[in-house]
Amino acid sequence: MICSDYNIAYTRRRFLKPCLSSEEIRQLEALERLCFPPQDRYDFRTLRLFVSLNGIGVLRYYEESLPERPLVAFHMFDCLTAELITLDVHPHHRGKGIGSHLISLSLEKLRSLGHTRATCEISVGNVASLNLHKKFGFKPIKLLRNYYGAGRHAYLLRTSLRQPTRSASITIP
Ligand SMILES: CC(C)(COP(=O)(O)OP(=O)(O)OC[C@H]1O[C@@H](n2cnc3c(N)ncnc32)[C@H](O)[C@@H]1OP(=O)(O)O)[C@@H](O)C(=O)NCCC(=O)NCCS
């Protein structure tokens, strides 16, 4: 099951009420811990700020075939700037097309809002994420030196949204 939440007010206020509850933010935080090393992960406070941002979009994927219906993935993006912020897929659920599915949904949403291109930043060493985004037309346009700290560089990537995003289906049996 996919839950979509948007915090868009089209006012000049930068922050709104969080669009997720504290319990739901804790679930995102738990997934961040499984997906990123300590220096790279977002903590509760930062995630709470993100879901309070005017313009934020959050997609959450819950695995319904498992009894406790765990959160297995989420994707955050900024609907005002068309920037993808983060994408987390639980290590046990990777390689099933879940990441692709969430990106195809976020790009379609951005397109429907009138954006003609989307951007994201990815560590130069994150081969899985670079490959995934390449499939959606993202190309590196700039090297962001020391973006994640001294000696830890990232690419700024951009894709065009002028063509409909290719559909990506989840391949879980
Ligand atoms: C990157 C990540 C989101 C991919 O999610 P996923 O659901 O496993 O991705 P998909 O199954 O949709 O894979 C789509 C494509 O991504 C690429 N890819 C995914 N995992 C890969 C890996 N381990 N090595 C190389 N390429 C990989 C492949 O091109 C794949 O296409 P293919 O199946 O046709 O080969 C996931 O590995 C993850 O959560 N990583 C840790 C957090 C992270 O780095 N997030 C991105 C931050 S920018």
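Numbering of residues begins at 1 and proceeds along the displayed sequence. All of these numbers come straight from a predicted model, not from anything done at the bench.
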What are the two closest non-hydrogen atoms of [X] and [Y], and how far apart are they?
X: L59; Y: S106; value: CD1-N, 3.9 Å
X: S100; Y: F136; value: O-CZ, 3.3 Å
X: N7; Y: V51; value: ND2-O, 2.8 Å
X: N54; Y: R13; value: ND2-O, 3.0 Å
X: I141; Y: R158; value: CD1-NH1, 3.8 Å
X: L110; Y: A118; value: CD1-CB, 4.1 Å

Quick one: do R41 and E29 make a salt bridge, cutoff under 4.0 Å?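 Result for this pair is no, no salt bridge flagged.
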Would you compute the distance between atom OG of S104 and atom NZ of K135 and round it to the nearest 0.5 angstrom?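 S104 OG to K135 NZ: 11.5 Å, rounded to 0.5 Å.
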Going from CZ on F50 to SG on C19, what distance comes out if it is rounded to the nearest 0.5 angstrom?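 Those atoms lie 12.5 Å apart.
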Establish, yes or no, whether the cationic atom of R152 lies under 6.0 Å from the six-membered ring centre of Y147 and within 45° of the ring axis.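 Here R152 fails the 6.0 Å and 45° test against Y147.
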Within 45° cone and under 6.0 Å: K139 NZ/CZ vs Y155 ring: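 Judged by the rule (NZ or CZ under 6.0 Å from the ring centre, within 45° of its axis), K139 is not positioned above Y155.
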Ring geometry between H75 and F77 (parallel below 30°, tilted from 30 to 60°, perpendicular above 60°):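 Tilted, since the angle between the ring planes falls between 30° and 60°.
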Would a distance-only check, ignoring hydrogens and angles, find a side-chain to backbone donor-acceptor pair under 3.5 Å from D78 to I85?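 A pair under 3.5 Å: no.
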Without swapping roles, check the side chain of S52 against the backbone of R48 for a donor-acceptor pair under 3.5 Å.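 Answer holds: yes.
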Taking the ring centre of each residue, are Y61 and F74 less than 6.0 Å apart?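 No, too far apart.
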